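Report on the following structure.
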Amino acid sequence: MAPTLYLSRRSPPCRTVLFVAKLLNVELEEVELDMRNKAHLKPDFLKLNPRHSIPTLVDNGVSVWESRAIAQYLCNKYAPDSQLYPREPERRARVDTVLNWDLSSWGPALRNSLTMKAFRGVEPTEEQTKALTDSLAVFDALVAANGGFVAANHLTIADLSLLANSAAIFYLDYDLKDYPNVKQWFSRLEKEISFYNDFKSEAIEGLKKIIEMHKTPA
Ligand SMILES: N[C@@H](CCC(=O)N[C@@H](CS)C(=O)NCC(=O)O)C(=O)O
């Protein structure tokens with residue numbers, strides 16, 4: 001039986017899982033959760049994921065949540081030899097390092113600056129802007145050090161997670177002139193991933209819909 005993915009197509013971290021499943025050719029049964037009607041807070045869903053977040057994957061009775069953990073699980077379980085998540089401990093450590101940096105630093109820096117600007121139309125504070133530019137400098141250095149990708153000299157789940165979570169960069173058409181390696185990374189991924197353009201328009205539309213939802217309370 002195909003693993004079940006609880007998701008919203010508008011949600012950036014859900015896209016990480018969709019990208020990985022697509023590239024690994026893993027079929028998923030998608031269940032769209034109606035977050036507006038608080039489907040994620042219903043007792044049955046809380047039993048699967050007490051953090052009530054999407055994406056949540058259920059496979060063989062096991063529930064996995066947190067998009068990066070799901071990406072790692074899909075590779076481990078369905079494609080252990082995939083270069084998207086290399087098995088050698090040293091190479092895998094580099095991917096894990098970037099995934100952790102994405103979750104702990106890049107994600108919050110982007111959310112507190114550009115995503116909030118898109119949502120609320122307010123300019124980030126000096127401190128928030130510095131957190132963003134510091135993180136962009138790290139991002140740029142990672143791409144430079146790895147010859148075009150963030151954690152290896154080829155595409156990995158770390159690139160996919162960063163891409164899925166960077167919709168605000170497209171939405172606000174953020175100028176990446178000071179970060180030439182990040183700029184090239186976006187172009188490289190466009191060539192590398194066949195569904196990149198569909199993803200980009202879906203990400204911008206998704207963000208627009210979330211912004212409208214924030215404006216019109218349920
Ligand atoms: N770090 C988590 C973030 C998941 C997350 O916050 N998802 C949002 C939708 S984009 C959500 O489920 N929000 C509802 C809630 O937290 O109650 C991941 O990567 O999976």
Side-chain angles (χ1 to χ4, degrees), residues 7-19 32-36 38 40-41 51-55 65-68 71 98-144 149-151 157-190 193 195-218:
L7 82 164
S8 157
R9 303 238 17 142
R10 286 177 205 148
S11 151
C14 292
R15 283 194 200 106
T16 304
V17 178
L18 294 173
F19 290 167
E32 178 89 23
L33 269 199
D34 185 354
M35 311 286 279
R36 250 200 145 177
K38 313 233 180 300
H40 59 309
L41 300 179
R51 159 70 184 88
H52 46 80
S53 57
I54 47 162
W65 42 279
E66 285 293 331
S67 57
R68 295 158 192 83
V98 178
L99 287 173
N100 279 285
W101 172 75
D102 174 26
L103 179 63
S104 63
S105 302
W106 170 250
L110 189 65
R111 206 163 37 250
N112 294 334
S113 56
L114 298 191
T115 311
M116 276 326 221
K117 183 171 170 180
F119 280 172
R120 306 250 160 87
V122 284
E123 289 298 325
T125 63
E126 214 171 287
E127 200 182 334
Q128 289 164 334
T129 302
K130 181 166 175 346
L132 175 69
T133 52
D134 285 352
S135 285
L136 275 165
V138 174
F139 197 156
D140 207 68
L142 286 171
V143 179
F149 297 91
V150 289
I157 56 175
D159 296 281
L160 298 169
S161 182
L162 284 170
L163 180 66
N165 289 301
S166 299
I169 300 251
F170 299 129
Y171 183 79
L172 295 170
D173 212 7
Y174 185 81
D175 189 352
L176 290 167
K177 70 173 177 347
D178 293 333
Y179 310 97
N181 292 296
V182 178
K183 199 168 175 172
Q184 279 165 19
W185 176 85
F186 278 108
S187 317
R188 190 165 298 109
L189 261 57
E190 184 171 357
I193 304 172
F195 47 87
Y196 182 94
N197 284 323
D198 291 342
F199 144 71
K200 188 173 167 181
S201 31
E202 195 183 62
I204 293 174
E205 274 317 299
L207 206 48
K208 270 191 199 154
K209 290 213 176 87
I210 297 174
I211 292 166
E212 280 161 25
M213 249 166 64
H214 278 266
K215 281 187 195 150
T216 26

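Note that the structure is a prediction, hence the values are computed from the model and not measured. Values reported hereafter were calculated over all heavy atoms of this structure, with side chains retained and with hydrogens, waters and symmetry mates removed.
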Show your reasoning for whether side chain to side chain contact (heavy atoms under 4.5 Å, CB included) applies to F19 and I193.
CA-CA 9 Å; F19 290 167; I193 304 172; 5.8 Å; no

Quick one: does any side-chain atom of S135 pair with a main-chain N or O of A131 as donor and acceptor, under 3.5 Å?
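Side chain of S135 to backbone of A131, a donor-acceptor pair under 3.5 Å: yes, one is there.
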
Keeping R15 on the side-chain end and R9 on the backbone end, is there a donor-acceptor pair under 3.5 Å?
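Confirmed, R15 side chain pairs with R9 backbone.
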
How far apart are the closest heavy atoms of [X] and [Y], and which atoms are they?
| X | Y | value |
| --- | --- | --- |
| N165 | P13 | OD1-N, 3.7 Å |
| V98 | V150 | CG2-O, 3.6 Å |
| P55 | C14 | N-SG, 3.5 Å |
| L103 | P108 | O-CD, 3.3 Å |

What distance separates K208 NZ from R10 CZ, expressed to the nearest 0.5 Å?
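So the NZ of K208 and the CZ of R10 are separated by 13.5 Å.
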
Could you grab the distance from atom CD1 of I169 to atom CD1 of I204, nearest 0.5 Å is fine?
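I169 CD1 to I204 CD1: 12.0 Å, rounded to 0.5 Å.
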
Show your working on side chain to side chain contact (heavy atoms under 4.5 Å, CB included) between L163 and Y196 and close with a plain yes or no.
CA-CA 10 Å; L163 180 66; Y196 182 94; 3.8 Å; yes

Indicate yes or no: at least one non-hydrogen side-chain atom of [X] is less than 4.5 angstrom from one of [Y].
| X | Y | answer |
| --- | --- | --- |
| L110 | S166 | yes |
| L136 | Y174 | yes |
| S8 | L33 | no |

Describe, in one word, how the ring planes of F139 and W101 are oriented to each other, choosing from parallel (under 30°), tilted (30 to 60°) and perpendicular (over 60°).
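Answer is perpendicular, since the angle exceeds 60°.
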
Taking side-chain contact (heavy atoms from CB on, under 4.5 Å) as the test, write out the residues that go with I211, two or more places apart.
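Counting only residues at least two positions away or on another chain, I211 forms a side-chain contact (heavy atoms from CB on, under 4.5 Å) with A118, F119, Y171, L207, K215.
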
side-chain hydrogen bond (donor to acceptor under 3.5 Å, both in side chains) contacts touching residues 120-129 (sequence neighbours left out):
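As it turns out, the side-chain hydrogen bond (donor to acceptor under 3.5 Å, both in side chains) pairs with a partner in residues 120-129, which skip direct neighbours, are K117-E123, T125-Q128.
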
Let me check something: any side-chain donor-acceptor pairs from residues 179-188 under 3.5 Å, sequence neighbours excluded? List them with distances.
| from | atom 1 | to | atom 2 | distance (Å) |
| --- | --- | --- | --- | --- |
| N181 | ND2 | D140 | OD2 | 3.0 |
| W185 | NE1 | D159 | OD1 | 2.8 |
| S187 | OG | K183 | O | 3.3 |
| R188 | NH1 | G148 | O | 2.8 |

Residue list, side-chain hydrogen bond (donor to acceptor under 3.5 Å, both in side chains) with K209, at least two apart or on another chain
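Scan of K209 (side-chain hydrogen bond (donor to acceptor under 3.5 Å, both in side chains), adjacent residues dropped) gives none.
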
Between L160, D102, V17, which is the residue that forms a side chain to side chain contact (heavy atoms under 4.5 Å, CB included) with R68?
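Among the candidates, only D102 passes.
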
Pairing residues for E190 by the salt bridge (Lys or Arg N to Asp or Glu O under 4.0 Å) criterion, not counting sequence neighbours
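Applying salt bridge (Lys or Arg N to Asp or Glu O under 4.0 Å) to E190 gives none.
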
Residues in salt bridge (Lys or Arg N to Asp or Glu O under 4.0 Å) contact with D178, at least two apart in sequence or another chain:
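D178 satisfies salt bridge (Lys or Arg N to Asp or Glu O under 4.0 Å) with no other residue.
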
Apply side chain to side chain contact (heavy atoms under 4.5 Å, CB included) to F149 and L142, showing your working.
CA-CA 8 Å; F149 297 91; L142 286 171; over 6 Å; no

